[in-house]
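For reference, the structure discussed in these notes is given below.
Here is the naming used below: chain letters follow the sequence lines, and residue numbers restart at 1 for every chain.
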There are 2 protein chains.
Amino acid sequence: MTDDDLVFKALADPTRRFLLDLLFQRDGRTLTELESELEMTRFGVMKHLRVLEDAGLVIARRSGREKLHFLNPIPIQLLHDRWIGKYRERYASALANLKNELEDMA
Amino acid sequence: MTDDDLVFKALADPTRRFLLDLLFQRDGRTLTELESELEMTRFGVMKHLRVLEDAGLVIARRSGREKLHFLNPIPIQLLHDRWIGKYRERYASALANLKNELEDMA
DNA sequence: AGGATACGTGACCGTTTGGTCACATGTCAA
DNA sequence: TTGACATGTGACCAAACGGTCACGTATCCT
């Protein structure tokens, strides 16, 4: 499985995107803290965090008996650079074409 | 299921991303034409195209006995605007912070 | 020391997903 | 009009996924 695929798959679940949002608001939270924001058992949240870690979207650091979770925006940046960007360019050129057609009609 | 979720889920499969790439190269292809590029039966490809259509990433038009498929970059643009963009900003500011720290060390 | 706290593992289970197939419908062209 | 072609439907199956639970380990605090 390629890196991009891990990231795309990780982003495919709404609970995981919500976790990213939580960490976006405030970093360095523990598992129990994140769990308290979700209607789900600790184990479910743990599994999701695992997927996010494997994709590199979350980086965790042990501190005593706690595990602190941090957001890593770099995979999303890379995804954008080598995949999403080109489709946005097409969107832009599509808009430009439409603009030209409208002007030709006038 | 929200629109964003449909798009994320559609993008989560490598075969579907490959189909988008094919349509990005050249639009308006028929199902059989797309099938010939994949190691998969026609039915598998049909299912994937269905998912892409439901997410709005592909728009199809019937022409006689053929069905022509077109790429629609707008959902990706929207996804970027209201989701991916903010994580890229954090990436940018993280880079800026790193730069500052390096300069302070000098 | 010992109880409370925070996290981890493996098994388990229902649902979704990716893929195939038999069969059916609509369309073109001689 | 008949045969070849292009797409569609529903059933089916194995694998992956989302989620829970019983149990276990490490750490803190008094």
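Of the possible donor and acceptor atoms, none in the side chain of B:Asn72 sits under 3.5 Å from a partner among the backbone N and O of B:Ile59. Using modelled atom types, one side-chain atom of B:Arg90 and one backbone atom of A:Phe24 make a donor-acceptor pair closer than 3.5 Å.
Residues B:Leu23 and B:Leu34 have side chains in contact (heavy-atom distance under 4.5 Å, counting atoms from C-beta outward). At least one side-chain heavy atom of A:Leu49 sits less than 4.5 Å from a side-chain heavy atom of A:Val45. The side-chain heavy atoms of B:Trp83 and A:Leu20, taken from C-beta on, include a pair separated by under 4.5 Å.
Computed from coordinates, the A:Glu66 CD to D:dA26 C1' distance equals 13 Å when rounded to whole Å. Regarding B:His48, its NE2 atom lies at a distance of 17 Å from the C1' atom of D:dT7, rounded to whole Å.
A:Phe43 belongs to no hydrophobic cluster, as no Ile, Leu, Val, Met, Phe, Trp or Tyr side chain comes under 4.5 Å of its own. As a member of the Ile/Leu/Val/Met/Phe/Trp/Tyr network built from side-chain separations under 4.5 Å, A:Leu95 groups with A:Tyr91, B:Ile74, B:Leu78.
In the region residues 32-46 of chain B, proximity to DNA chain D at under 4.0 angstrom, judged on heavy atoms, holds for B:Thr32, B:Arg42, B:Phe43, B:Met46. At a non-hydrogen distance threshold of 4.0 Å, A:Asp13, A:Arg16 from residues 11-30 of chain A come into contact with DNA chain D.
Direction change of the helix axis from one end of the helix from C:dA1-D:dT30 to C:dA30-D:dT1 to the other is 30°, with five pairs defining each end axis (rounded to 10°).
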Grab the N/O contacts between the protein and nucleotides 27-30 of chain D below 3.5 Å, and write none if there aren't any.
from, atom 1, to, atom 2, distance (Å)
D:dT27, O2, A:Arg65, NH1, 3.4

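Nucleotides of DNA chain C with any atom under 4.0 Å from a heavy atom of chain B span, from 5' to 3', C:dG18 to C:dC28.
Within the structure, side-chain hydrogen bond (donor to acceptor under 3.5 Å, both in side chains) contacts touching residues 17-29 of chain B (residues at least two apart or in different chains) are A:Asp5-B:Arg17, A:Lys86-B:Asp21, A:Tyr87-B:Asp21, B:Arg26-B:Glu33.
Scanning for side-chain hydrogen bond (donor to acceptor under 3.5 Å, both in side chains) contacts around B:Thr32 gives B:Thr30, with sequence neighbours left out. Taking the side-chain hydrogen bond (donor to acceptor under 3.5 Å, both in side chains) definition, one finds that A:Lys67 meets it with A:Glu53, sequence neighbours left out. For the side-chain hydrogen bond (donor to acceptor under 3.5 Å, both in side chains) test, residues two or more places apart in sequence or in another chain that qualify with A:Arg16 are A:His48. By the salt bridge (charged side-chain N to carboxylate O under 4.0 Å, His left out) test, A:Arg50 pairs with A:Asp54, sequence neighbours left out.
Dashed line: the shortest gap from a side-chain N or O of A:Lys9 to OP1 or OP2 of D:dC17 is not under 4.0 Å.
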>> Would A:Arg42 and A:Leu31 count as a side chain to side chain contact (heavy atoms under 4.5 Å, CB included) here? Give the steps.
In response: CA-CA 8 Å; A:Arg42 180 172 56 91; A:Leu31 167 59; 3.7 Å; yes
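No path of Ile, Leu, Val, Met, Phe, Trp and Tyr side chains, each step under 4.5 Å between heavy atoms, connects A:Phe70 with A:Val51, placing them in separate hydrophobic clusters.
Taking the side chain of B:Lys67 as heavy atoms from C-beta on, and the options D:dC12, D:dA6, D:dG8, the nearest nucleotide is D:dG8.
Ring geometry, B:His80 versus A:His80: the interplanar angle falls from 30° to 60°, so the pair is classed tilted.
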